[in-house]
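Throughout, a chain's letter reflects where its sequence line sits, starting with A, and its residues are numbered from 1. Note: hydrogens, waters and symmetry copies are ignored here, and every other heavy atom, side chains too, is used. Predicted, not measured: the structure shown is a model, and the values here were computed from it.
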Amino acid sequence: MAILELKNVKKTFGTGHKKVEALKETQFTAEKGELIAVIGPSGSGKSTFLTIAGGLQTPSEGDVIINANNITDMSEKKRSKIRLKEIGFILQASNLVPFLTVNNQMKLLDNVKKGNMTKQELEQLYEDLGISDLRHKYPADLSGGERQRVAIAKALYSNPSILLADEPTASLDSDRAYEVMELLQRETKNKNTTTIVVTHDTRLISYCDKVYKMVDGDIKLEAKPVEEEIH
Amino acid sequence: MFLAWNEIKKNKLRFLLITGVLMLVSYLVFFLSGLASGLENLNREAVDKWQGDGIVLTSESDKSMPQSSMTLDQLDDIEADNVAVLGQLNAIATSGDIKANVAIFGIEKDEFIMPDVTEGEAFNGENEVIASDSLKEEGFQIGDELELSSTDEKLTIVGFTEDARFNAAPVLYGEMATFHRVKFGEAAEQNDDQINGVVLRTNDLKSVTDNEDLETIEMEEFIQNLPGYTEQNLTLSFMIYFLFVISSVIVAIFLYVLTVQKISLFGVMKAQGISNGYLSRSVIAQTFILAAVGVAVGFGLTLLTGAFLPAAVPVSFDIPTMLLYGLVLIVVAILGAVFSVLTIVKIDPLKAIGG
Ligand SMILES: Nc1ncnc2c1ncn2[C@@H]1O[C@H](COP(=O)(O)OP(=O)(O)OP(=O)(O)O)[C@@H](O)[C@H]1O
Ligand SMILES: [Mg+2]
């Protein structure tokens with residue numbers, strides 16, 4: 001069964017001649033264990049798509065179903081609960097709390113929900129992202145790339161069933177970017193979760209099971225990336 | 001608490017400032033309350049010392065003891081478990097160079113308003129008096145002969161008693177006959193049945209007397225009607241209440257500014273699904289920590305100041321009242337946080353993260 005489903009979803013901003021169709025009528029499903037890439041030019045509607053899929057904004061029309069919950073008509077309070085339980089966000093802007101150390105960013109999640117990673121898993125995650133030595137630092141004392149990796153750790157730490165990542169590798173060098181994609185791939189497969197990655201970097205799409213291309217609010221499935229191209 | 005405490009730890013100076021302001025406000029509140037109860041005692045302690053339930057004065061006196069003039073035979077019209085007759089007048093007492101405004105109480109030694117002697121001995125005959133020990137601080141001593149402003153009679157201090165000021169004047173307790181001599185001079189003999197009022201102990205104030213000329217006044221009401229008492233209390237209470245409002249507003253403004261600064265942060269946390277409830281509780285917890293620390297330090301500082309204050313300053317710290325005011329301060333501070341909570345609830349996570 002699909003973990004995430006968008007049915008006849010449309011999003012328009014403004015009215016009259018200022019009207020922008022950020023997302024044209026969209027059908028979209030994602031299954032468990034899938035790593036999906038969404039590519040497309042700037043302003044094509046990728047972030048809009050991602051935030052609607054994650055229940056951060058409501059579509060103008062259509063239904064969004066997350067893990068069998070139709071969230072379209074839910075109150076913000078209920079949607080907030082679904083987000084906490086099911087969704088992990090890696091946002092385009094930094095989503096770290098400035099007055100918490102790296103370790104405490106994770107602890108905050110322990111404070112608000114159950115089912116997060118175990119100590120050993122977190123240790124491994126720090127290791128994989130190369131941030132083990134940063135755990136007692138505050139976000140302000142980290143580089144942009146380090147901050148992004150901590151944000152990734154934070155999103156994965158909560159064991160979300162759907163991970164939505166908006167340009168997660170934007171401020172990483174390409175080696176780091178590949179490592180992060182490998183990590184996301186491994187997490188997705190091992191935990192049978194779903195990951196949707198918005199990216200400009202077409203080299204990264206080779207890690208993905210499916211690639212969608214967004215053009216002017218129109219989302220279309222691309223041909224499956226060819227395995228040989230990776231190596 | 002987790003978010004609240006970690007934020008305070010990271011931004012110490014910011015939170016130290018607001019705690020400091022709260023500390024000063026609470027210091028002021030505690031001090032004013034000390035002053036209020038000090039001034040209150042100044043007026044009423046001699047009355048409290050009676051431990052009476054009410055007092056009978058003449059109806060036309062309008063609840064003012066000096067204006068009330070009755071005779072001993074009116075005692076027959078008064079029905080109570082325990083009665084004590086009282087004559088009262090104010091005078092200036094002089095001993096050597098020291099002068100003091102005093103209230104002279106004429107009482108019967110075997111009745112219940114007879115004070116406990118804490119130093120020296122009880123009056124025992126003509127013109128001997130027990131004095132309020134506040135006179136001791138002004139330099140009066142046992143054995144002093146007091147000249148009085150209104151008469152040639154001289155009084156002798158034979159003992160002291162604690163907590164005996166009536167309407168801010170230290171009390172001199174003496175025999176009824178002494179009182180009559182001071183008040184009426186030559187005519188004392190003819191007026192030896194004159195008293196000002198009768199202090200009562202009874203459970204049933206309503207049925208004390210049915211004499212139209214007499215009025216039974218509940219003790220607290222009598223105190224409220226002491227000259228200046230109510231006005232003074234109202235003024236100080238008003239200042240204290242106003243300080244409550246001020247501290248609430250200060251906290252509201254401060255937290256609101258902090259909250260507005262953190263809108264995008266709250267938005268990010270809300271996007272992750274952290275609930276309004278959790279974030280609001282965190283702000284409330286923060287306010288509680290700040291207010292509790294501020295009030296506690298203010299409390300300590302007040303007591304410390306009180307210990308070093310000269311006796312002439314009429315402060316008396318009533319701990320239960322102070323604790324109550326401290327609690328009120330914490331509560332109004334938390335009310336001040338309500339604005340911030342409303343702001344948090346209204347934050348749109350999407351706008352905040354600028355996706
Ligand atoms: N709140 C809004 N109000 C009006 N128009 C909006 C709003 N949000 C997005 N848009 C418009 O919708 C379109 C899609 O925006 P979106 O942020 O989804 O693009 P994107 O593909 O994520 O771009 P980028 O790669 O630069 O992040 C843009 O034309 C944008 O101007
Ligand atoms: Mg975008």
Enquirer: Report, by ascending residue number, the residues of residues 6-19 of chain B in heavy-atom contact with chain A at a distance under 4.5 Å; give 'none' if the set is empty.
Expert: B:Asn6, B:Glu7, B:Lys10, B:Asn11

Enquirer: For a side-chain contact (heavy atoms from CB on, under 4.5 Å) check, start with the C-alpha distance between A:Val112 and B:Phe2, then their side-chain angles and the critical distance, and finish with the verdict.
Expert: CA-CA 10 Å; A:Val112 292; B:Phe2 176 77; over 6 Å; no

Enquirer: Within this structure, what is the OG-CD1 distance for the pair A:Ser80 and B:Ile274, rounded to the nearest 0.5 Å?
Expert: 9.0 Å

Enquirer: Can you list every pair that meets salt bridge (Lys or Arg N to Asp or Glu O under 4.0 Å) and has a residue in residues 263-278 of chain B, with sequence neighbours left out?
Expert: none

Enquirer: What heavy-atom pair brings B:Leu265 and A:Leu96 nearest, and what distance separates the two atoms?
Expert: CD1-O, 3.9 Å

Enquirer: Within this structure, what is the NZ-OG distance for the pair A:Lys113 and B:Ser275, rounded to the nearest 0.5 Å?
Expert: 13.5 Å

Enquirer: Is A:Ile82 in contact with chain B via its backbone, its side chain, both, or neither, using a 4.5 Å heavy-atom distance?
Expert: neither

Enquirer: Can you tell which part of A:Leu100 gets under 4.5 Å to a heavy atom of chain B, answering side chain, backbone, both or neither?
Expert: side chain

Enquirer: Check this for me: A:Lys24, atom NZ, are more than 12 non-hydrogen atoms of other residues, nucleotides or ligands nearer than 6.0 Å?
Expert: yes

Enquirer: With a sphere of 6.0 Å drawn around CG of A:Asp141, does it hold more than 12 non-hydrogen atoms of other residues, nucleotides or ligands?
Expert: yes

Enquirer: Could you grab the distance from atom OH of B:Tyr278 to atom CG of A:Leu84, nearest 0.5 Å is fine?
Expert: 11.0 Å

Enquirer: How long is the straight-line distance from OG of A:Ser158 back to CD of B:Gln272, given to the nearest 0.5 Å?
Expert: 7.5 Å

Enquirer: Do other residues, nucleotides or ligands put more than 12 heavy atoms under 6.0 Å from the CZ atom of A:Phe13?
Expert: yes

Enquirer: Where on A:Lys154 is there a heavy atom nearer than 4.5 Å to chain B: the side chain, the backbone, both, or neither?
Expert: side chain

Enquirer: Looking at every non-hydrogen atom in both residues, tell me the closest pair between A:Arg83 and B:Pro349 and how far apart they are.
Expert: NH2-CG, 4.1 Å

Enquirer: Inspect the surroundings of OH in B:Tyr256 and state if more than 12 heavy atoms from other residues, nucleotides or ligands are less than 6.0 Å away.
Expert: no

Enquirer: With a 4.5 angstrom heavy-atom cut-off, could you sort out which part of B:Leu3 is near chain A: side chain, backbone, both or neither?
Expert: both

Enquirer: If I measure from the heavy atoms of chain B, does A:Glu76 come under 4.5 Å with its side chain, its backbone, both, or neither?
Expert: side chain

Enquirer: Is the number of heavy atoms from other residues, nucleotides or ligands within 6.0 Å of NZ (A:Lys191) greater than 12?
Expert: yes

